[in-house]
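Taking it in order: structure first as structure tokens, then the write-up.
Just so it is clear: chains get the letters A, B, ... in the order the sequence lines come, proteins before strands, and each one is counted from 1. Reckoned from all heavy atoms, side chains included, excluding hydrogens, waters and symmetry mates. Since this is a predicted model, take the numbers as computed values, not measurements.
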Amino acid sequence: MLNSVEKILDKLNDSQKQAVLYNDGPSLVIAGAGSGKTRVLTRKVAVLLKQGLAPWNIMALTFTNKAAREMKERIATMVDPASASLLWMGTFHSVFLRILRAEASALGYSSAFSIYDTADSKNLIKSIIRDLGLDEKIYREGAVHARISSAKNDLISATAYANNAALQERDLFTKMPRIAEIYQRYVQRCRLASAMDFDDLLYNTNVLFRDHPEILKAYQSRFQFILVDEYQDTNFSQHLIVSRLAERHHKVCVVGDDSQSIYSFRGANIDNILNFKKTYPECLMFKLEQNYRSTQTIVNLANSLIAKNKMQIPKSVFSKRETGNKIQVLSAFSDMEEAFMIANKINEMHMSLYDPWSEFAVLYRTNAQSRILEDALRKRSIPYRIYGGMSFYQRKEIKDIIAYLRLVINPSDEEAFKRVINFPARGIGKTTLDKIQQAANQHQTTFWEICANPLSYNLPVHSGTENKLRQFSSLIESLKPLALTLNVYEFTKKLVQDSGINQALLQDNSEEGISRQEHLESLLSGMHDFCQNRLEEGNEQLLLPDYLAEISLLTDQDEVDEGDKVNLMTVHAAKGLEFKNVFVSGLEDGIFPSIRNQESERELEEERRLLYVAITRAGDHCVLSYAKSRFRNGQTEYSKPSRFLNDLDKNLLDLPTRAFAEQELPSASGSTHRPASFYNPSANKPHWPTEQRTKTPTEKISSRQGKWTKLSAKPGGSTVGQDNAFKAEAGSSGVKTSKGEFRLGQRVLHERFGEGLIQKIEGQGDNCKIGVEFKQAGYKLLLLKFASMKALN
DNA sequence: GACGACGACCTTTTT
DNA sequence: GGTCGTCGTC
């Protein structure tokens with residue numbers, strides 16, 4: 001334990017060490033692609049803990065759940081897992097949601113407020129556009145939502161928006177002069193519904209800190225060290241929260257790479273990282289320039305590209321790996337030929353390199369490009385998966401049930417109400433809903449209030465309808481108390497029963513109906529796993545609000561599909577990932593760079609960074625391709641190779657001797673289906689509680705809720721095994737329980753986590769806690785009495 | 001209220 | 001080309 005800080009620093013290079021060790025003031029870590037950024041962040045947290053900072057004094061912010069989870073896991077292997085779990089570590093949204101729930105009353109909110117996801121926000125905006133009688137062709141909810149969202153990210157209130165000449169002029173120019181009014185109403189309706197949208201989680205945190213100095217002060221003293229990952233992607237709202245919180249201690253470490261800033265369209269402001277030194281003049285800058293991921297050729301090629309950007313922090317990323325092959329450029333006549341060339345090339349490389357399919361990725365600029373690539377891969381019988389499809393939680397039947405759950409917790413939730421008022425069909429249609437909405441608008445009250453008291457508001461409905469409304473509201477009322485006593489799994493089982501959802505689903509024996517039943521099954525078993533995981537970890541918060549808190553900010557980005565398949569995704573989705581072999585397709589002017597980002601140098605630079613991100617995903621091989629013609633929006637379009645190809649160092653390119661795709665092969669299996677994607681449950685397989693299941697959505701949810709990742713050999717080169725050397729052994733060496741005897745080093749089999757080795761035993765008898773390093777799921781500290789685990793010989 | 005036809009739409013999307 | 005939303009019909 002004496003030299004534990006040294007152990008933490010083990011295997012770091014000099015600049016990584018310096019970045020990890022400097023904790024006396026603000027610092028900026030410029031982390032080039034593949035330079036071991038996560039290693040630095042996690043080890044820095046470990047050092048801070050070893051130096052005596054309490055975990056609750058440290059805030060670590062990321063952009064994705066996945067990044068947060070991976071960091072937590074790695075930290076847990078270096079320090080006591082219990083203290084790792086007490087860190088304030090998570091996405092911006094989840095960390096500040098936690099604070100907002102605690103401080104809701106200061107903002108005049110109930111702490112049971114709902115969270116509107118993007119779909120909810122757009123629905124509400126659409127409804128407001130209709131209320132105002134505006135032309136829906138001109139005022140498209142997506143566009144309006146984008147304006148409101150970016151205003152919020154810039155901390156412009158609805159009033160400020162209305163008074164801002166530049167914004168007004170812009171809205172006038174785009175023929176939507178009444179956006180300010182929509183914004184105003186949108187804010188009111190969210191308030192009334194006791195709901196916050198994603199942007200509000202940051203906006204309201206700023207309001208909280210601005211209007212309540214005493215609250216701000218408490219958090220300022222609490223968070224003695226703040227770390228921010230991917231700082232180049234922060235928007236103004238996030239930047240200001242961090243600055244405010246760091247005001248007192250000035251101990252803030254931001255990590256990022258300005259060359260990988262690709263989210264400006266979501267409000268990210270690259271100036272936050274470029275100007276960090278201005279905000280904190282005393283800050284130290286550390287540059288991580290050694291790339292451990294890619295061959296020298298790949299690194300040099302990426303450098304030659306990014307050198308064309310003017311706005312950047314100077315850095316020289318280098319690799320000490322082998323030189324590697326030149327980067328091949330494929331030129332195709334058509335998009336279809338391009339797809340076949342890529343499929344053939346993948347096949348060829350798979351055979352000659354012995355790399356698994358999962359080490360191949362095909363990247364593209366827009367999702368629309370994926371279809372043709374899918375076709376080509378399918379015809380070559382190459383297994384593939386697509387990232388960025390619809391998430392489990394975005395499926396209609398799942399959203400509908402979640403809406404019920406939200407409504408029980410917060411009956412004011414308008415979007416949830418509208419979703420479930422006629423699900424399952426109970427004869428309350430559009431007409432009635434319109435009447436309710438009108439009454440709600442007129443009386444400035446919630447849909448729920450009208451529904452619960454139709455007579456008091458003279459709702460013009462027949463007695464039959466009135467009766468149905470009453471039944472619905474008493475259904476919700478009857479469920480309310482149960483939400484606070486039953487665990488979420490039991491509760492939801494009761495809910496689907498009482499509400500008639502179960503019955504409705506069982507009656508529907510169509511293909512979709514059966515799929516819906518399976519999704520419900522998956523949701524339920526996900527809930528069961530949620531409860532089980534928490535119990536085993538000694539966390540007894542199993543109620544509906546606890547569950548909602550965990551899933552409301554989940555997106556599907558962080559799925560884990562361990563099948564050996566080629567990865568298809570947009571360049572944006574590939575950020576943070578790495579593959580041995582990467583194909584970047586569709587390198588044509590108008591696509592990459594996108595036609596819509598060619599106007600200004602600033603936009604063009606972001607597109608260039610996007611290509612930089614794409615190329616730097618590759619470890620061993622990178623292949624670039626373009627097609628001269630492409631079928632788009634229903635017609636064939638012709639375009640020139642991307643201007644970015646000219647930015648690349650020609651000496652590193654293997655330019656095309658034209659290769660023709662082979663003729664189409666007959667379909668091997670006769671199956672014309674997409675391969676079952678990871679969230680499609682295999683039909684009729686029993687779900688929980690069998691021991692060996694095929695992978696189902698359940699697994700997926702539970703894997704997230706249980707915070708474990710299937711260890712792909714991916715991030716950063718560091719392995720859990722390595723880091724494990726740090727773990728302190730403590731406790732007894734054996735324990736007798738009603739489930740048998742367990743001792744250190746014992747092999748165990750867990751119902752969900754699989755096989756593992758006992759590393760630690762704390763306490764006596766059935767109440768003991770057992771620390772297990774699972775082969776797949778990583779380290780877990782489990783309460784034996786709840787753990788479904790048995791000893792193996 | 002359910003279902004089929006037709007027309008408009010189409011960059012990226014960590015929460 | 002494919003999807004989604006709206007409108008018209010039963």
All salt bridge (Lys or Arg N to Asp or Glu O under 4.0 Å) counterparts of A/D199, not counting sequence neighbours: none

Shortest side-chain distance from A/R371, nucleotide among B/dT13, C/dT3, B/dT11: C/dT3

Taking only the side-chain heavy atoms of A/A425 (C-beta and beyond), determine which of B/dA2, B/dT14, B/dT13 contains the nearest atom. B/dA2

Report, one pair per line, the protein and nucleotides 5-10 of chain B atoms (nitrogen or oxygen only) whose separation is under 3.5 Å.
unit_1: B/dC10; atom_1: OP1; unit_2: A/R140; atom_2: NH1; d: 3.3

Give one of base, sugar-phosphate or nothing for A/D117, where a contact means two heavy atoms less than 4.0 Å apart. nothing

Checking all strands, does A/T118 fall into the base, sugar-phosphate, or nothing category for heavy-atom contacts under 4.0 angstrom? base

May I ask you to establish whether A/K126 and A/Y139 are in a cation-pi arrangement, using a distance under 6.0 Å from NZ or CZ to the six-membered ring centre and at most 45° from the ring axis? no

B/dT11 glycosidic conformation (syn if within 90° of 0, otherwise anti) is syn

Closest approach to the side chain of A/K126, judged atom by atom: which nucleotide of B/dT14, B/dA2, C/dT6 is it? C/dT6

Assign A/N597 to base, sugar-phosphate, or nothing according to its heavy-atom contacts below 4.0 angstrom with the strands shown. base

Look at all strands and tell whether A/K575 reaches a base, only sugar-phosphate, or nothing, counting heavy atoms closer than 4.0 Å. nothing

Atom C1', compared across B/dT11 and C/dT6: separation rounded to whole Å: 25 Å

Let me know the distance between NZ of A/K430 and C1' of C/dC7, rounded to the nearest Å. 12 Å

Contact summary for A/Y183 and A/I156, nearest pair of heavy atoms: OH-O, 2.7 Å

Of the nucleotides C/dT6, B/dT11, B/dT13, which has the atom closest to the A/T366 side chain? B/dT11

Residues A/Y387, A/H572; criterion ring-ring contact (aromatic ring centres under 6.0 Å, His included); working and verdict: CA-CA 11 Å; A/Y387 281 57; A/H572 283 90; over 10 Å; no

At 4.0 Å (heavy atoms only), tell me whether A/L363 reaches a base, stays on the sugar-phosphate, or touches nothing. nothing

Of the options B/dT11, B/dT14, C/dT6, whose atoms approach the side-chain atoms of A/D233 most closely? B/dT14

